[in-house]
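As structure tokens, the structure follows; a few thoughts come after it.
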Protein chains: 2
Amino acid sequence: MIQNDLLLRVANGEPSHRPPVWLMRQAGRILPQYRKLRSTFSGFKEFIKTPHAVAEATLQPVDELGVDAAIIFSDILVIPEAMGLDYDMVEKKGPLFPTTIQQPTDIDSLASGEEAANRLQYVFEGLRQTKAAINNRLPLIGFSGAPWTLAAYMIEGSGSKTFSKAKRFLYQHPDAAHRLLDKLADTIIAYLRLKVQNGADLLQLFDSWAGILGPEQYRTFAIPYLQRICQAFPDTPVTVFSKNAWFALQELGQLDCQVIGLDWNTSVAYAKSQIRTDKRLQGNLDPCALYAAPESVEKQTLDMLQNFGGAHIANLGHGVYPDTPLDNVRRFVDTVKSFSYS
Amino acid sequence: MIQNDLLLRVANGEPSHRPPVWLMRQAGRILPQYRKLRSTFSGFKEFIKTPHAVAEATLQPVDELGVDAAIIFSDILVIPEAMGLDYDMVEKKGPLFPTTIQQPTDIDSLASGEEAANRLQYVFEGLRQTKAAINNRLPLIGFSGAPWTLAAYMIEGSGSKTFSKAKRFLYQHPDAAHRLLDKLADTIIAYLRLKVQNGADLLQLFDSWAGILGPEQYRTFAIPYLQRICQAFPDTPVTVFSKNAWFALQELGQLDCQVIGLDWNTSVAYAKSQIRTDKRLQGNLDPCALYAAPESVEKQTLDMLQNFGGAHIANLGHGVYPDTPLDNVRRFVDTVKSFSYS
């Protein structure tokens, strides 16, 4: 059905002649056509709520870069909003929640599960339009923030170097924290189910703030919820990308998911020593490596490909930075596509 | 000579009945007397350049909390300033450098070594006044930012989530980066020598932005300079605290230093598997654990002490957060002081 199904085959554990390649944040500011499209909307949220623009942004890197997958253009914070916590996306500052979770009772009134997920029809319409535009050329990735990362934003109210309010909540109100994470997991499952029904071929969970928890807190407040989500999708490949959660790699490596995303801090040797060998690994070139000279980009990409050696989905170790030279992004993609396991 | 020399004895590898205890950022906003003293200065830099205020701030936690060490009140960015890159400390935002290193030639005019260190007389006068006020009660720790962290600020110009400008410089201008790190190491050595001559009994290096480098970059751009600094102080115990550099713990653990500082992400078991057994470990309670109920603070502190088991300097895994309840800080300190290895 799908013409270039390399990513699906590798995610499902089949052998391949080369790794598939895509970039986190490939639909974004690195592309001139994205910046042009973005400029037609006054706000970021208006943009992601406009299905035809979502389809256009999602397809841009496919056409421009020739990557092996599309990832639906959206934001992880649509879920808190659907649960009842609205947010603003402040230019150059990031998200800001006017209302946050401060007391355990603040959790009571949050919507969850299908009720919350059903409010996100603009996402599903965006998926349908994207799917039609892809026209079976390649797979479409759907994603969600992971429960802990979304909880962190809902309590902290914004990005933070320490997320100390969110962590304080875990220490002071562990039962309420579990109640919030439970509602989030229910909502994420319902949301991702609807994404699959509307065209997502693979799923990825972003636990962007995993690294601010210690090993014990991550074991308590993150792993069980990730596992519940993974188990809800027996028929769709799931990638878990827990940023900076090196200390939990062994537990992440035992989740019922197909792929573990790695950040650039993590050496392939360490990852392989921790993660169950039946999983595939995704990553992990340093996004800053794409600032180097083109020959250096090629060399570092080849080094990475050889280090992984197989069962690998080529990507960066983080989202591509907006000011990355487009030619270097192209060099990265082309290097992977010309590579062959031998 | 020093009445309570527990920290010195443990740092030097002697056995002890309990670990010594102090907190990173103990001289700071957790103390009402600090906030009062701070309010008498319009700017933070004016504050750290006033020797009698430095002595007062340094002694406050000693008198209030009964910790086993004083750490001189100062800032890691005094070194870039002495080298010729002035900075502003912007309230609630952090440091901002009006001029940054953008080109390799920007490094040429930077002062370094003794020439730069000699410009920091206000630090050394602060040390002398502090030393006199301590009156041999307990040891005084002197510190410096590590070369990579200071270089990161000098290139980036401010704090950053990604430090992508600083990392780009490493990828684009590796030789110039080495030249900058070399000048920084020379200056840090001269600076710390003068700190020792003016009363510092131990030294600590803060590599706060270690974790944004990958393993190979850290091996190239950080480890050799840390080692040069460690080797310059054969007679003074040195602690290296490289935040989030879990991926380099084995190399850090082979430096010619006495103590390795650990952040709260790092389990004791992992640290001991990586670090040479003749070293002592410092850390590593999650600063957010001090937001919990007092009984929980005590329990978590005891768990930590038992996990380390010996050859340990009790501390947090990061600087104490300004809004930490003082009673919980006290509970942490008192729990360590009542503990006994058995």
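Chain letters run A, B, ... following the sequence lines, proteins first, then strands; residues in each count from 1. Remember, it's a predicted structure, so these values are computed and weren't measured experimentally.
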Chain B and chain A: which donor-acceptor pairs fall below 3.5 Å?
residue: K167(B); atom: NZ; partner: D286(A); partner atom: OD1; Å: 3.0
residue: K167(B); atom: NZ; partner: D286(A); partner atom: OD2; Å: 3.0
residue: R168(B); atom: NH1; partner: D323(A); partner atom: OD2; Å: 3.4
residue: Y171(B); atom: OH; partner: D286(A); partner atom: OD2; Å: 2.9
residue: Q172(B); atom: NE2; partner: Y291(A); partner atom: O; Å: 2.8
residue: G211(B); atom: O; partner: N265(A); partner atom: ND2; Å: 3.3
residue: I212(B); atom: O; partner: W264(A); partner atom: NE1; Å: 3.2
residue: L213(B); atom: O; partner: N265(A); partner atom: ND2; Å: 2.8
residue: W264(B); atom: NE1; partner: I212(A); partner atom: O; Å: 3.2
residue: N265(B); atom: ND2; partner: G211(A); partner atom: O; Å: 3.4
residue: N265(B); atom: ND2; partner: L213(A); partner atom: O; Å: 2.8
residue: D286(B); atom: OD1; partner: K167(A); partner atom: NZ; Å: 2.9
residue: D286(B); atom: OD2; partner: K167(A); partner atom: NZ; Å: 3.0
residue: D286(B); atom: OD2; partner: Y171(A); partner atom: OH; Å: 2.9
residue: Y291(B); atom: O; partner: Q172(A); partner atom: NE2; Å: 2.8
residue: D323(B); atom: OD2; partner: R168(A); partner atom: NH1; Å: 3.4

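- In this structure, chain A has a heavy atom under 4.5 Å from the backbone of L213(B), while its side chain stays farther away.
- Heavy atoms of A289(B) lying under 4.5 Å from chain A belong to its backbone as well as its side chain.
- One finds the SG atom of C288(B) at 8.5 Å from the CG atom of L170(A) (value rounded to the nearest 0.5 Å).
- Of the listed residues A248(A), G317(A), P215(A), the one with more heavy-atom pairs under 4.5 angstrom with chain B than any other is P215(A).
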